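Hydrogens, waters and symmetry mates play no part in the numbers below; they use all other heavy atoms, side chains included. One is the number of the first residue; the rest follow in order along the sequence. Predicted model only: the values in this text are computed from it and were never measured.
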Amino acid sequence: MTSAVLLDAGVVTRCRRRVHLEHDPTMVDAAKAPPDPAAEQRMSDAAAHRRVVADRLSRQLGAEWTEVPAGEAAADRERITTAVLGAGARFVWGGLLPSDRTGGRRGGIDLLVRDSSGGYLPVLVVRHKITDPGTGARTTPFGQLYPGSARVDPIRKVRPQPRDQLRLAHAYRLLQAAGLTVPGRAMGGVIGLDADVVLWHDLEAPTWPNGRTALKEYDARFADRLAVAAAALNQRDPLARPSRILECRSCPWWPTCEATLIERRDVSLVVRGEDAVSLRAIGVSTVDQLAAQPVTVDPPAPMVGMPFGDAVLLAKAWLRGASLVRREERVHVPRADVELDVDMESFGDAGAYMWGVHLSGADIGVPQGYRAFVTWDPLPCQDEARSFGEFWSYLTHVRLRASARGLSFRAYCYNELAENRWMLGSAERFAGKPDIPTIQTVQDFIGSPQWVDLFGIVRDQFLCAKGKGLKMIAPAAGFAWRDPEAGGENSMRWYRDAVGMDGGEPQPDQRERLLEYNEDDVRATWTLRRWMDSEAVYELPYAGEL
């Protein structure tokens with residue numbers, strides 16, 4: 001039997017409803033959300049990384065390297081790939097494999113490696129980390145593209161990246177349909193962000209949490225998505241209904257799904273993901289039905305995102321038009337005579353280029369308001385030590401000035417995981433440089449009552465239907481960012497332009513944009529905690545009254 005649908009590898013990690021909408025002929029002209037600039041930048045960065053890796057490999061492998069032109073039409077790329085594989089090319093970059101019309105598959109893989117049997121191994125190139133410190137991963141050095149020489153790596157363990165294994169499984173099934181697999185166990189390689197080794201995955205080893213192999217997991221997911229797409233294409237009863245999940249935030253189809261969910265008053269507007277599925281299983285499919293549920297000691301449905309009682313309260317609040325609820329009758333925020341709001345900006349795993357602060361409270365002879373400690377040298381760089389050292393010196397100076405005057409001091413951030421990571425990491429990386437604290441000094445500070453995480457306070461004292469991120473919570477306190485595109489991922493795109501990372505001249509206007517964005521972040525925490533410590537917060541509904 002031949003499938004009328006051809007799906008690529010991405011469908012197995014994509015929302016089922018999105019797969020339906022992408023194949024429903026009645027949705028061709030439906031309104032979609034505009035492209036996400038941050039997602040587009042990630043794709044551009046990934047393409048640039050693949051190009052760098054390809055150039056390194058081609059220099060190393062020389063005349064045995066064959067590249068399928070990327071700019072050709074899909075049919076031409078498939079024809080060229082089929083020809084070079086048939087001719088026995090040893091290393092084929094950018095190939096588009098023959099479509100598997102029986103299995104409903106299409107797609108390619110970054111690199112195909114021919115072994116002595118005449119079959120091919122798929123190798124994927126990705127722009128993320130594929131290992132962590134440890135042991136147990138099977139690797140070969142960069143450029144050694146055969147798993148037969150792989151060894152158990154003494155310094156690396158596999159970092160869980162399910163998407164990588166599923167993409168390799170898709171390529172393996174395409175190779176299998178074309179009669180081009182290597183005899184024996186199904187294997188595939190991955191070259192990651194560091195591009196120093198090839199990590200080899202045995203796709204027939206039971207490595208998944210459910211005990212399945214990567215191939216079995218892929219087969220189950222692909223069969224499901226194929227059925228969903230076929231039902232949509234043929235206008236049969238949909239096999240996937242809309243339900244709010246984490247992926248909705250960046251999905252182009254969210255406007256379509258949101259309108260449907262609001263019309264149905266769907267329960268996923270309050271609880272998303274697995275919790276919504278659990279509630280529907282007991283007949284609770286709308287917010288109204290959830291709000292009517294009694295809160296018992298033994299919840300009627302298993303919940304993973306929040307306790308059942310909290311879900312009921314959020315449903316009641318939703319019916320009143322509120323997305324934020326006080327857990328406690330009285331809200332408590334630790335305050336001090338001298339207060340400092342802190343926000344750090346980093347660029348991926350490369351480093352932290354800016355530490356912004358906003359000083360307020362009692363006068364200690366230090367100018368109040370916002371200031372930033374920043375380096376505009378592209379990360380990673382040694383100048384990062386200077387900017388962090390200046391920030392730490394300033395923080396220490398403010399603490400000492402407050403203490404000398406007998407005044408209390410506290411510093412605030414929103415979600416301390418990021419700031420703590422880069423304070424400790426900077427202390428370790430730049431140990432011995434001017435103004436750099438010891439790791440113990442940083443640990444003493446972040447473990448003290450002087451370091452306050454507002455995220456933890458929000459989590460403990462509020463119920464939040466739309467998430468607990470600062471961009472979700474601060475507007476309730478009346479704060480608005482000046483930049484309509486303000487966000488962590490967008491800021492990384494601005495940073496690239498600010499430092500001329502992509503080969504162009506550094507852009508001063510993007511530096512100003514980043515400074516303004518950072519200032520707004522610290523002003524947002526300042527506004528939020530003052531609001532939480534005011535009578536205005538009691539305009540929110542209280543859980544005990546719902």
Side-chain angles (χ1 to χ4, degrees), residues 33-53 55 70 126-128 193-195 249-250 252 341-358 367 369-392 394 413-415 418-419 421-423 425-426 429-430 469-471 474 479-526:
D36 178 9
E40 291 182 325
Q41 184 64 59
R42 285 196 300 273
M43 289 188 287
S44 176
D45 291 345
H49 175 66
R50 289 194 298 271
R51 185 67 263 166
V52 169
V53 170
D55 290 344
V126 296
R127 193 179 177 274
H128 55 245
L193 178 63
D194 296 330
R249 292 179 180 177
S250 57
D341 294 278
V342 178
D343 184 69
M344 174 276 312
E345 306 294 343
S346 63
F347 185 73
D349 292 326
Y353 63 91
M354 186 187 304
W355 295 86
V357 297
H358 182 276
Y370 173 75
R371 67 175 297 179
F373 306 90
V374 61
T375 176
W376 296 119
D377 288 354
L379 296 175
C381 66
Q382 289 302 305
D383 195 48
E384 185 187 346
R386 176 199 53 78
S387 60
F388 174 69
E390 289 179 357
F391 158 72
W392 190 265
Y394 174 86
C413 68
Y414 201 87
N415 200 340
E419 276 75 15
R421 173 195 176 187
W422 288 111
M423 281 193 281
S426 298
R429 289 168 59 208
F430 304 123
L470 186 60
K471 302 297 187 299
F479 186 81
W481 276 258
R482 286 170 283 180
D483 195 316
E485 296 182 9
E489 290 196 348
N490 282 340
S491 73
M492 294 198 186
R493 176 167 51 89
W494 306 338
Y495 174 79
R496 299 179 71 93
D497 294 336
V499 300
M501 182 171 286
D502 297 319
E505 289 295 319
Q507 298 181 18
D509 61 325
Q510 294 299 82
R511 296 183 179 185
E512 290 301 318
R513 192 177 194 181
L514 286 166
L515 288 165
E516 182 179 279
Y517 166 65
N518 181 261
E519 179 180 5
D520 279 358
D521 274 357
V522 293
R523 288 177 57 245
T525 61
W526 177 78

Visitor: Minimum heavy-atom separation for Pro380 to Ala350, with atom names?
Guide: CB-O, 3.5 Å

Visitor: To the nearest 0.5 Å, what is the distance between CD on Glu345 and CG on Asn518?
Guide: 4.5 Å

Visitor: With His358, which residues qualify under ring-ring contact (aromatic ring centres under 6.0 Å, His included), at least two apart?
Guide: Trp526

Visitor: Using ring-ring contact (aromatic ring centres under 6.0 Å, His included) as the criterion, list what pairs up with Phe430, not counting sequence neighbours.
Guide: none

Visitor: Restricting to pairs with a member in residues 347-357, which pass side-chain hydrogen bond (donor to acceptor under 3.5 Å, both in side chains), not counting sequence neighbours?
Guide: Asp349-Arg421

Visitor: Mind checking whether Val126 and His49 have side chains closer than 4.5 Å, heavy atoms only?
Guide: no

Visitor: For Pro378, what residues pass the side chain to side chain contact (heavy atoms under 4.5 Å, CB included) criterion, not counting sequence neighbours?
Guide: Val499

Visitor: Please step through side chain to side chain contact (heavy atoms under 4.5 Å, CB included) for the pair Leu515 and Glu512, ending with a clear verdict.
Guide: CA-CA 5 Å; Leu515 288 165; Glu512 290 301 318; 4.0 Å; yes

Visitor: Please enumerate all residues that pass salt bridge (charged side-chain N to carboxylate O under 4.0 Å, His left out) together with Arg429, with sequence neighbours excluded.
Guide: Glu384

Visitor: Could you tell me which non-hydrogen atom of Asp377 sits nearest to which non-hydrogen atom of Thr375, and how far apart they are?
Guide: N-OG1, 3.2 Å

Visitor: Taking only residues two or more places apart in sequence, or in another chain, which ones meet Arg493 in a salt bridge (charged side-chain N to carboxylate O under 4.0 Å, His left out)?
Guide: Glu485

Visitor: Under the salt bridge (charged side-chain N to carboxylate O under 4.0 Å, His left out) test, which residues partner Arg127, sequence neighbours left out?
Guide: none

Visitor: Could you tell me whether the side chains of Asp521 and Tyr414 share a donor-acceptor contact shorter than 3.5 Å?
Guide: no

Visitor: Would you check if Thr525 and Cys413 make a side-chain contact, meaning some heavy-atom pair closer than 4.5 Å?
Guide: no

Visitor: Provide the closest heavy-atom pair for Val357 versus Phe373 in the form atom of the first, atom of the second, distance.
Guide: CG2-CE1, 4.0 Å

Visitor: Flag the pair Asp45 and Arg496 as a salt bridge only when some basic side-chain nitrogen lies within less than 4.0 angstrom of an acidic carboxylate oxygen.
Guide: yes

Visitor: What are the two closest heavy atoms between Ser426 and Trp422, and how far apart are they?
Guide: OG-O, 2.6 Å

Visitor: Of all residues at least two apart in sequence or in a different chain, which pass the ring-ring contact (aromatic ring centres under 6.0 Å, His included) check with Phe347?
Guide: Tyr495

Visitor: Taking side chain to side chain contact (heavy atoms under 4.5 Å, CB included) as the definition, give me every residue that meets it alongside Ala418, ordered by chain and number, with sequence neighbours left out.
Guide: Met344

Visitor: Report yes if the side chains of Met492 and Arg42 come closer than 4.5 Å at any heavy-atom pair, otherwise no.
Guide: no

Visitor: Just by modelled atom types, is the Val374 backbone N or O under 3.5 Å from a matching donor or acceptor in the Arg386 side chain?
Guide: yes

Visitor: Taking only residues two or more places apart in sequence or in another chain, which ones pass side chain to side chain contact (heavy atoms under 4.5 Å, CB included) with Arg511?
Guide: Trp376, Ala498, Pro506

Visitor: I'd like to check the salt bridge (charged side-chain N to carboxylate O under 4.0 Å, His left out) partners of Asp509; sequence neighbours left out, ordered by chain and number.
Guide: none

Visitor: Specify the closest pair of heavy atoms between Val342 and Val522, including all atoms of both residues, with the distance to one decimal.
Guide: C-CG1, 3.8 Å

Visitor: Considering only heavy atoms from C-beta outward, does the side chain of Tyr370 approach that of Asp341 to under 4.5 Å?
Guide: no

Visitor: Just to verify, what does Ala486 make a side chain to side chain contact (heavy atoms under 4.5 Å, CB included) with, not counting sequence neighbours?
Guide: Lys471, Trp481, Asp483, Tyr517

Visitor: Do Glu519 and Asp343 pass the side chain to side chain contact (heavy atoms under 4.5 Å, CB included) test, and can you show the C-alpha distance, the side-chain angles, and the key distance before you say yes or no?
Guide: CA-CA 8 Å; Glu519 179 180 5; Asp343 184 69; over 6 Å; no

